[in-house]
Amino acid sequence: MQKKYLDESKGVQLGTWWDDISMIRGWSGEKLGYTTQKPEALLERIIKASSNENSIVADFFMGSGTTGAVAERLGRRWIMSDIGKPAITNYSSDIDEISIELDNYVLLSPDALPLDTENREKLQGVMAREPLALIEYWSVDPDYDGETFRSKWQDYRGNTENDDDPFRVVKETRILAPKVKGKRKICVKAVDVFGFESVVVEVLDAE
Ligand SMILES: C[S@@+](CC[C@H](N)C(=O)[O-])C[C@H]1O[C@@H](n2cnc3c(N)ncnc32)[C@H](O)[C@@H]1O
């Protein structure tokens with residue numbers, strides 16, 4: 001007679017038909033309201049079978065982000081992306097949405113510019129009416145370390161990706177950035193049509 005002990009048994013190899021993991025029900029605590037969300041148990045099986053602790057798990061169509069949440073719980077590092085904002089904001093406990101608006105631009109020494117009378121008057125008109133129209137390019141580092149500026153977002157005249165006006169930059173933007181502990185330093189750099197660069201640094205208290 002042969003004795004078999006359950007805790008020593010290697011079990012049965014997993015097949016291709018998995019019917020032991022149920023769908024997420026309406027009342028489930030896992031449910032985030034994302035239509036294509038998958039059960040955590042399903043992701044846990046896939047991640048355990050295909051990676052080790054400290055591996056990098058990537059899901060470039062993260063949707064509800066369950067892959068990243070389970071990868072984190074299982075000690076994996078992870079990279080998640082999604083084209084859709086609703087997907088990213090599901091991760092809002094880890095991500096801040098930062099809103100930045102330019103409210104003015106002051107050209108410091110207009111008299112030093114080599115302009116004839118006619119163009120000087122035109123410039124004075126733009127400075128009075130619409131000073132932000134003098135901005136050629138601006139960019140934002142939402143996690144400025146005080147030394148190296150790393151642009152995470154930018155707009156420039158001629159770029160119609162952020163709006164359909166090729167003669168002006170947009171005046172506001174919203175950026176998603178990983179939450180920080182303590183204070184967040186945001187650096188905004190602008191270059192005007194004459195090539196003068198200006199820099200503004202704002203420090204925000206994290207919530
Ligand atoms: C089927 S859903 C993801 C399901 C996800 N595994 C879950 O558990 O929720 C597909 C996702 O792919 C995203 N997507 C579609 N085209 C994309 C693209 N070109 N780049 C990045 N994400 C994209 C959609 O926004 C959507 O969130």
Side-chain angles (χ1 to χ4, degrees), residues 11-101 137-145 148-166 169-181 184 186-189 204 206-207:
V12 181
Q13 203 167 17
L14 195 63
T16 52
W17 177 257
W18 300 352
D19 58 359
D20 58 325
I21 296 175
S22 46
M23 286 163 49
I24 298 177
R25 310 275 177 212
W27 60 85
S28 164
E30 282 182 36
K31 199 171 169 81
L32 295 169
Y34 201 87
T35 44
T36 57
Q37 185 183 349
K38 308 291 177 296
E40 289 197 11
L42 177 65
L43 269 310
E44 184 166 333
R45 180 174 294 169
I46 295 170
I47 291 172
K48 277 184 171 168
S50 54
S51 67
N52 301 314
E53 257 186 60
N54 224 26
S55 295
I56 298 177
V57 173
D59 183 352
F60 299 111
F61 302 84
M62 65 182 251
S64 59
T66 317
T67 314
V70 176
E72 171 84 21
R73 179 158 55 72
L74 296 176
R76 273 66 170 169
R77 293 171 294 154
W78 47 266
I79 301 169
M80 302 286 121
S81 70
D82 198 286
I83 203 167
K85 205 167 169 190
I88 304 286
T89 46
N90 264 333
Y91 253 44
S92 56
S93 58
D94 296 322
I95 288 177
D96 278 334
E97 185 173 20
I98 304 158
S99 171
I100 296 162
E101 190 177 343
Y137 167 91
W138 67 290
S139 60
V140 181
D141 179 352
D143 291 301
Y144 184 49
D145 65 8
T148 308
F149 180 85
R150 297 173 181 86
S151 174
K152 295 281 159 48
W153 178 94
Q154 52 280 319
D155 192 36
Y156 50 92
R157 279 153 58 103
N159 178 25
T160 47
E161 256 176 45
N162 297 322
D163 69 354
D164 53 12
D165 183 348
V169 293
V170 293
K171 294 172 184 69
E172 55 191 319
T173 185
R174 283 170 181 272
I175 298 178
L176 299 174
K179 273 197 189 306
V180 291
K181 288 204 177 91
R184 177 189 291 283
I186 299 172
C187 183
V188 176
K189 271 193 183 182
L204 302 182
E207 283 152 27

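Since we're looking at a predicted model, the values are computed, not measured. Counting convention: from 1, in listed order, for ligands and their atoms alike.
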> For Ser81 and ligand 1, does the shortest N/O to N/O distance drop below 3.5 Å?
Replying inline: no

> Does any N/O atom on Gly65 come nearer than 3.5 Å to any N/O atom on ligand 1?
Replying inline: no

>> Using a 4.0 Å cutoff against the non-hydrogen atoms of Phe60, which atoms of ligand 1 qualify?
In response: 21 (C), 22 (N)

> Do Asp155 and Thr173 have side chains that get closer than 4.5 Å, going by heavy atoms?
Replying inline: no

> Do Ile100 and Trp138 have side-chain heavy atoms sitting under 4.5 Å apart?
Replying inline: yes

> Is the closest basic N to carboxylate O distance between Asp145 and Arg150 below 4.0 Å?
Replying inline: yes

> atom 8 (O) of ligand 1: which of Pro39, Gly63, Ser64 has the nearest heavy atom?
Replying inline: Ser64

>> Can you list everything that forms a side chain to side chain contact (heavy atoms under 4.5 Å, CB included) with Glu44? Sequence neighbours excluded, please.
In response: Lys48, Val70, Arg73, Leu74

